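All values below were derived from every heavy atom in this structure, side-chain atoms included, with hydrogens, water molecules and symmetry-related copies excluded. These figures come from a predicted structure and were not determined experimentally.
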Amino acid sequence: MMNPMWVIIPAAGVGQRMQANCPKQYLPLAGQTILDRTIAIFLSHPLVAGVLVGLGESDGYWSDSKWYEHPSVHRFVGGEERSDTVQKGLEYLLETLTEQQGDVLVHDAARPLLSQKALNRIINHSSEQGALLAMPAKDTVKLQVADQPVVDATLDRNAIWLAQTPQKFPAKALLDALEKAQEDGVTVTDECSAMEFVGWHPDLVVGESSNIKITLPEDLLIAEALFSYLSGSDLSN
């Protein structure tokens, strides 16, 4: 029988590329903040023990969240980079909540359209080396010449997957990998890249095209259209 797992949501960034007057995770999406909608995805799942939200030290928006006093939502102070925030979340989980065993999910705060079907796929997927949601590349992919906007080669898109979240790994192993990458000065852009750095080969689990990450202003318009569409269909279940 599978034990419920914790979810870490790093939300300490400001999202400069969004060019908004507040951190992008607090922008509205269909009447709620993006962050509140993201947290809600997990709270109703029977195999989620709780949600850890990593916020900026001077965050002035969280107190207005609908989940501010929810008993299954814990807040901790994040770090400068995403990997720092995830690392602090794992330390909080292992030390404060004394969760020594089991897997943890890490999910982007700005992916509020994750469906329950995709969440079920990653939660129920069994792998000794972890797993992540990802999508096979559809477009032709070019490799550029280093530091020049010039094509060096065309990559075989049949071997290219675009990483999404959630990503699932044993909590202690992920913390060890992030600490090792930090000690060695290696930049990791997601949890999978930290595990790759220490020699793991996580499984690719098919995600969803609608599980977009809101990064640019136009992404918010796309997310609003997708939310409206998904709310009127059974695709979000």
Distance-minimising heavy-atom pair for M195 and P202: CB-CG, 4.4 Å
Flag side-chain contact, heavy atom, 4.5 Å: M5 against L47: no
E80 CD: over 12 foreign heavy atoms closer than 6.0 Å: no
Cluster overlap L43 with Y68, hydrophobic side-chain contacts below 4.5 Å: yes
Closest contact, heavy atoms only, L29 versus E224: CD1-CG, 3.4 Å
Ion pair R82/E191, N-O distance below 4.0 Å: yes
Option from L52, V7, L174 for which side-chain contact (heavy atoms from CB on, under 4.5 Å) with V106 holds: L174
Non-hydrogen atoms of C192 and L132 that approach each other most closely: SG-CD2, 3.8 Å
Rounded distance (nearest 0.5 Å) linking atom CD of Q164 with atom NZ of K213: 11.5 Å
Closest heavy-atom pair and its distance - A163, A134: CA-CB, 4.1 Å
Heavy-atom neighbours of H70 NE2 exceed 12 at 6.0 Å: yes
Polar contact flag, side-chain donor to acceptor under 3.5 angstrom, Q144-D152: no
Minimal non-hydrogen separation, L35 against V53, with atom names: CD2-CG1, 4.3 Å
Steps toward side chain to side chain contact (heavy atoms under 4.5 Å, CB included) verdict (T165, L133): CA-CA 6 Å; T165 65; L133 291 184; over 6 Å; no
Pair N120-K117, side chain to side chain contact (heavy atoms under 4.5 Å, CB included): steps then yes or no: CA-CA 5 Å; N120 284 332; K117 286 182 179 177; 5.6 Å; no
Non-hydrogen side-chain atoms of H107 and V51 separated by less than 4.5 Å: no
Expected output: side-chain Q129 to main-chain W200 donor-acceptor under 3.5 Å: no
Any side-chain heavy-atom pair of D190 and Q167 under 4.5 Å: yes
Pairwise side-chain contact, P170 with D103, heavy-atom cut-off 4.5 Å (strictly under): yes
Linked, directly or transitively: W62 and I41 (ILVMFWY side chains, under 4.5 Å): yes
pair N211-M135: side-chain heavy atoms closer than 4.5 Å: no
Separation of S44 OG from I39 CD1 (nearest 0.5 Å): 12.5 Å
Separation of L162 CG from R157 CZ (nearest 0.5 Å): 12.0 Å
pair R37-F227: side-chain heavy atoms closer than 4.5 Å: yes
Side chain T85, main chain G79, donor-acceptor under 3.5 Å: yes
Pairwise distance OG(S63) to CZ(R75) - rounded to 0.5 angstrom: 9.5 Å
Criterion side chain to side chain donor-acceptor pair (under 3.5 Å) against Y26, the qualifying member of N21, D59, T33, D36: D59
Distance, nearest 0.5 Å, that separates CD of Q87 from CD1 of I8: 10.5 Å
More than 12 heavy atoms from other groups under 6.0 Å of CD on E128: no
Under 3.5 Å donor-acceptor, K168 side chain and I122 backbone: yes
Carboxylate-amine/guanidinium contact D176 K180, below 4.0 Å: no
Fellow cluster residues of V145, listed by chain then number, with links counted only when side-chain atoms sit under 4.5 Å apart: V150
Atom pair CZ (R111) and CG (D219), whose distance is rounded to the nearest 0.5 Å: 10.0 Å
Within-4.5 Å side-chain heavy-atom neighbours: K172 and L94: yes
Heavy-atom pair of closest approach, residues A171 and L93: CB-CD2, 4.2 Å
Contact check, side chains of I34 and I214, non-hydrogen atoms, under 4.5 Å: yes
In one Ile/Leu/Val/Met/Phe/Trp/Tyr side-chain cluster, 4.5 Å: I160, L204: no
Steps toward side chain to side chain contact (heavy atoms under 4.5 Å, CB included) verdict (W6, H74): CA-CA 11 Å; W6 284 85; H74 297 243; 3.8 Å; yes
Joint hydrophobic cluster, L90 plus V186, side-chain heavy atoms closer than 4.5 Å: yes
Main-chain N/O of V206 paired to R121 side chain as donor or acceptor, under 3.5 Å: yes
Trace of the side chain to side chain contact (heavy atoms under 4.5 Å, CB included) decision for D108 with I9: CA-CA 6 Å; D108 294 325; I9 298 178; over 6 Å; no
Linked, directly or transitively: V48 and M2 (ILVMFWY side chains, under 4.5 Å): yes
